[in-house]
Number of protein chains: 2
Amino acid sequence: MPHASAPQHDAPRDSPDTTPDAAAGTPPAKARGKAGEKSPRSTARKAVGRPPRISRDDVVRAARRIVDDAGVDALTMRRLATDLGTTPMALYHHVRDKEELLVLLLDDYAAGALRPTGLPDDPVERVLAAAAAIHDALAARPWIAQVLTADDLMAASALWYVEQVVDGLTAAGLSPAQAVHGYRAIWYYTAGEILVRATAARRRAADDRPTYREHVFAGLDPAELPRLSGVAADWAELTAQDTYRDGLRALVTGLVAGR
Amino acid sequence: MPHASAPQHDAPRDSPDTTPDAAAGTPPAKARGKAGEKSPRSTARKAVGRPPRISRDDVVRAARRIVDDAGVDALTMRRLATDLGTTPMALYHHVRDKEELLVLLLDDYAAGALRPTGLPDDPVERVLAAAAAIHDALAARPWIAQVLTADDLMAASALWYVEQVVDGLTAAGLSPAQAVHGYRAIWYYTAGEILVRATAARRRAADDRPTYREHVFAGLDPAELPRLSGVAADWAELTAQDTYRDGLRALVTGLVAGR
DNA sequence: ACCTGAACACCGTTCAAGT
DNA sequence: ACCTGAACACCGTTCAAGT
């Protein structure tokens, strides 16, 4: 199901948008000049002019290929154009800029993530399952981390997961406002885990300056920092363990207990 | 106290390192060629050659100025060189590359953060206070967020905070391993909050595509996503509220309860 | 040892023009 | 309407040379 339900936000002029101001009223500042001045003789919605060679979907698909194959750093407008057999500037007719492309990519990916079948009935367990599902889907692709900071996600196609979390928290006794705040807390924790872990993995892969933390920990003063000195030897092993679900459970438990 | 205790990791050749392999044994891959081949006649540690015009501290200080004044995006090696009255390449004699500079910057900033005086005696409250202190220190500077992903922080000078958290969790009954995992969970939550919030703020400041989320929420199908439809009108207001401490308390409560 | 100058190999994006 | 070509205004970093 490739992003069938993802809304085409900021689609260039061809989206039959229901809200009038999204298409004509107050377009984003950057696009305003272009949209208003560039096509002075487009009097009607007729399909006039050169037929398109590539579509927005083509762009997103090609971008996803690059990112999956070679990482998000390899995604440049120039390479993307080359892969599509066009020029860099042709892309700008389909996406506003690179950041929009990244958000589109994230949406597209979230839409393709599997919705877990048979979520538990118990509210807390349901929250845990939904959060873990979106976490696992995102954590599976390391490039997500770098895109995450470009959007607070939870946009468009990931809303189903958000619904499950908010619903579960409500069923567990939280007020609607508390449930939204609870969802946000879960999202902070989840996004943070993905980002921190992805960075650590990148660091490890580069195998550059690998001994920095060890260096710091080796120089610990047991008198000043006794606890850290005590766990210094095990730190690497302990932090390498995947404890996402444990922390998630603690957070959700605390949210429900503190209602 | 400008990072007096911050270790000079990867300082170029002049650091009298105690661990032999940090200075000579296995230098990072990138630097290996340069370090091994560039100075064939440096037979002793004598201060020979041209006297330095700028120091590593100068570089970090100038970088901090730029970042504080104009944001992290304005920090380029070229501008930094201009501000220091040198050439871009002179900088590379003091820092390995730009990423190291960013990490140095983060360290430097964390070292300058105020340690809260009079931490509470109660273990849970102590954990909350320490975590909130590091959170507030980092959240005060928006550029931190972008640097955070370049390091898992908690390095060097921020260790005091880590000690407080691990100690508090231990005093609350967690095992050393549980305390480390708990600290990690708190760090995920904290880093995630800062990152997500900073991105949202950036988005708002750009006032570009401001209606995307509203657009998505306006198109919600109440039959499919009833909870979200119910809170759609209040979403912006609810998520604008600062609930970092509430979520933190829930997390810590859950960690202690689940021990 | 420390610094400079010039160059390399890129970026994202604008602008004016073509069909 | 859609695409092209050339250019702008940058990047971080390497390399060879100077003092």
task: Please determine, for dC10(C), whether a Watson-Crick or G-U wobble partner exists with both distances under 3.5 Å, and give it or none.
output: none
- prompt: Who does dC2(C) pair with, Watson-Crick or G-U, both distances under 3.5 Å?
  reply: dG18(D)
statement: Walking DNA chain C from its 5' end, the first of M89(A) and P51(B) to be reached, judged by nearest nucleotide, is P51(B)
Rounded interatomic separation in angstrom, taking [atom1] from [X] and [atom2] from [N]:
{"X": "I54(B)", "N": "dA1(C)", "atom1": "CD1", "atom2": "C1'", "answer": "13 Å"}
{"X": "D73(B)", "N": "dT13(C)", "atom1": "CG", "atom2": "C1'", "answer": "16 Å"}
{"X": "R56(B)", "N": "dC3(C)", "atom1": "CZ", "atom2": "C1'", "answer": "17 Å"}
{"X": "L91(B)", "N": "dC11(D)", "atom1": "CG", "atom2": "P", "answer": "13 Å"}
{"X": "R96(A)", "N": "dT13(C)", "atom1": "CZ", "atom2": "P", "answer": "11 Å"}
{"X": "L80(B)", "N": "dC11(D)", "atom1": "CG", "atom2": "P", "answer": "12 Å"}
{"X": "M77(A)", "N": "dA9(D)", "atom1": "CE", "atom2": "P", "answer": "20 Å"}
{"X": "L101(A)", "N": "dC11(C)", "atom1": "CG", "atom2": "P", "answer": "15 Å"}

If you compare every side-chain N and O of [X] against the phosphate oxygens of [N] (OP1, OP2), does one of them come in below 4.0 Å?
{"X": "H93(B)", "N": "dT4(C)", "result": "no"}
{"X": "T76(A)", "N": "dC11(C)", "result": "yes"}
{"X": "H94(A)", "N": "dC3(D)", "result": "yes"}

field: Approximate separation, where rounding is to 0.5 Å, of I54(B) CD1 and H93(B) NE2
entry: 10.0 Å
- prompt: Once the angle between the rings of Y183(A) and W235(B) is folded into 0 to 90°, is it parallel (under 30°), tilted (30 to 60°) or perpendicular (over 60°)?
  reply: tilted
task: Report which part of the nucleic acid R78(B) touches: base, sugar-phosphate, or nothing (heavy-atom distance under 4.0 Å, all strands).
output: base
field: Listed nucleotide nearest any side-chain atom of K98(B), set dT4(C), dC2(C), dG12(D)
entry: dG12(D)
message: Using the side-chain heavy atoms of R50(A), tell me which of these nucleotides is nearest: dC3(C), dG18(C), dT13(C).
response: dG18(C)
- request: For the pair R64(B) and D108(B), find out whether any cationic side-chain nitrogen is under 4.0 Å from an anionic carboxylate oxygen.
  value: yes
task: Determine the interatomic distance between C1' on dA17(D) and the same-named atom on dA1(C); round to the nearest Å.
output: 15 Å
Nearest heavy atoms of H135(A) and I194(A), plus distance in Å: CD2-CG1, 3.7 Å
message: With a 6.0 Å cut-off (strictly less than), is the heavy-atom count around CD of Q241(A), excluding the residue itself, greater than 12?
response: yes
